[in-house]
Each structure stands twice: as C-alpha cells, then as structure tokens.
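For reference, the structure is listed below as structure tokens.
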Amino acid sequence: AQRWDKWDDFHLRLPCSPKNVFRRDGQSRWTVIQTALSRPLLTFDDLRACILSYSAESGSQWRFRALRNLIEEHFSPSEREAFFATTLPGIV
C-alpha cells in the first residue's frame with residue numbers, strides 16, 4: 001500500500017516525517033530523537049530529560065504525570081526493566 005505524508009491541521013504530524021524539521025536549523029527532528037533515545041535510559045527521570053532535550057520549546061507545558069505514574073506506580077520492577085531494556089529501544 002502506498003503511503004502519503006499528510007502535513008496539515010487534520011492529521012497527526014509524525015516525528016519520522018521528512019517534513020518534521022526544527023525551525024531554527026532545518027535539522028530532521030527524527031534524527032535528533034533517535035540520537036537522544038540511543039543513550040542508555042534506566043529511569044523515568046532519564047526518559048523525561050531525554051524528551052526535554054529535543055523538545056525544550058514545549059517542555060515547560062508538559063508535566064509527564066501519566067507517564068511517570070505508569071512507569072513508577074503501575075509497572076512492576078520487571079516490567080520497568082523490560083520497558084527500558086527492550087520496549088523503548090525497539091521503538092527507535
């Protein structure tokens with residue numbers, strides 16, 4: 001199936017889209033995200049800092065409450081370990 005990159009107010013703007021670039025320098029947002037997420041992340045705080053490293057302009061608006069709650073309250077220690085060791089690296 002052929003895919004089209006829709007870049008308008010009616011569609012989700014995926015970070016991997018070639019049209020998703022930083023305004024200040026035109027660098028691919030996906031490349032920056034992949035680089036940031038390729039570092040070892042072991043805790044919620046590591047992940048939050050990583051996300052804010054490439055989203056500083058929006059970071060002051062975000063609280064990460066649901067993500068923190070999921071990782072720190074709902075995941076068991078083994079689920080937390082699997083998320084950071086397997087799931088998250090597999091996304092990138």
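Keep in mind the model is a prediction, meaning the values are calculated, not measured.
Residues Trp7 and Val21 do not share a hydrophobic cluster, clusters being chains of Ile/Leu/Val/Met/Phe/Trp/Tyr side chains in contact below 4.5 Å. Under the 4.5 Å side-chain heavy-atom criterion for ILVMFWY residues, a single connected hydrophobic cluster contains both Phe22 and Trp62.
Across every non-hydrogen atom of Ile33 and Pro15, the tightest pair is CD1-CB, 3.7 Å. Looking at every heavy atom in both residues, Leu41 comes nearest to Cys50 through CD2-CB, 4.0 Å. Here the shortest heavy-atom pairing between Tyr54 and Ala36 reads CD2-CB, 3.7 Å. The shortest heavy-atom contact between Glu72 and Arg80 is O-NH2, 3.5 Å.
Separation of atoms CD1 (Ile91) and CG (Leu37) is listed at 8.5 Å; rounding is to 0.5 Å. In this structure, CG on Leu70 lies 10.0 Å from CZ on Phe44, to the nearest 0.5 angstrom. One distance of note links CG of Asp8 with CZ of Arg13; it measures 7.0 Å at 0.5 Å rounding. The structure places CD of Glu81 at 8.0 Å from OG1 of Thr86, a figure rounded to the nearest 0.5 Å. To the nearest 0.5 Å, the span separating CD1 on Ile71 from CZ on Arg48 amounts to 12.0 Å. We find the CG-CG distance between Leu47 and Leu52 to be 9.5 Å, quoted to the nearest 0.5 Å.
Considering only heavy atoms from C-beta on, Leu14 stays 4.5 Å or farther from Trp30 through its side chain. Side chains of Ser53 and Arg39 form a contact here, defined as non-hydrogen atoms less than 4.5 Å apart.
For residues 68-92, the ring pair (Phe, Tyr, Trp, His ring centres under 6.0 Å) pairs, not counting sequence neighbours, are Phe75-Phe83. Legend: salt bridge (Lys or Arg N to Asp or Glu O under 4.0 Å) pairs involving residues 25-35, not counting sequence neighbours, sorted by first then second residue: Arg29-Glu57.
Around atom NZ of Lys19, more than 12 heavy atoms belonging to other residues, nucleotides or ligands sit under 6.0 Å away.
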